[in-house]
Amino acid sequence: MFKWKEDFSVNVKSIDEQHKELFRIGNSLYDIVSIKDGIDRYDELILALHKMRDYAVYHFEYEEKLIRENGYPKFDQHKRHHDSFISKVESIDEESADEKQQKVGMDLIVFIANWIENHILKVDMDYKEFLNKKGIF
Ligand SMILES: [Fe+2]
């Protein structure tokens, strides 16, 4: 479902590795919603959701520290984008997710796809040259 390509690279190794983790989380969500064997996967869905939240907290802190310490001029707007991701993940009501597992899972997959398109490929890509020029790869 989510396949990493060189086009997604921001040319900073540690960040690329972290971004790949989001692809893996997206793929595990896809597995959860697409296997039609009648087995309830609520626990797996919640686990993936928590993984996504922990991932976001860790990865965004890492990325924000890197761009802030290097004086990236669009730090504030970048951080706002990150905060919106965390709000989205935290807004999901885990209890009510039980009856609509398929929908919650699919929504998250679409959310990740949009994030890759609008954040990684645009907002993150914007610091690529900036950091590379500072010698960060
Ligand atoms: Fe970012």
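Order of listing sets the numbers, starting from 1, for every ligand and every atom in it.
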Peer 1: What residues, two or more places apart in sequence or in another chain, satisfy side chain to side chain donor-acceptor pair (under 3.5 Å) together with Ser84?
Peer 2: none

Peer 1: Around the Fe ion (ligand 1), what protein N, O or S atoms are found below 2.8 Å?
Peer 2: Glu63 OE1, His78 NE2, His82 NE2, His119 NE2, Asp124 OD1

Peer 1: Output yes when a side-chain donor or acceptor of Asn11 lies under 3.5 Å from a complementary backbone atom of Asn132, and no otherwise.
Peer 2: no

Peer 1: Sequence neighbours left out, what passes side chain to side chain donor-acceptor pair (under 3.5 Å) with Tyr72? Give chain and number order.
Peer 2: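 Listed in chain order: Asp126.
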
Peer 1: Only one of Trp115, Tyr55, Phe8, Tyr30 clears ring pair (Phe, Tyr, Trp, His ring centres under 6.0 Å) with Phe23; which?
Peer 2: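 Result for ring pair (Phe, Tyr, Trp, His ring centres under 6.0 Å) with Phe23: Phe8.
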
Peer 1: Of the non-hydrogen atoms in Pro73 and Phe130, which two are nearest, and what is the gap between them?
Peer 2: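 The pair with the smallest heavy-atom distance is CD-CE1, 3.7 Å.
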
Peer 1: Under the rule for side chain to side chain donor-acceptor pair (under 3.5 Å), what residues qualify as partners of Ser87, not counting sequence neighbours?
Peer 2: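 Scan of Ser87 (side chain to side chain donor-acceptor pair (under 3.5 Å), adjacent residues dropped) gives none.
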
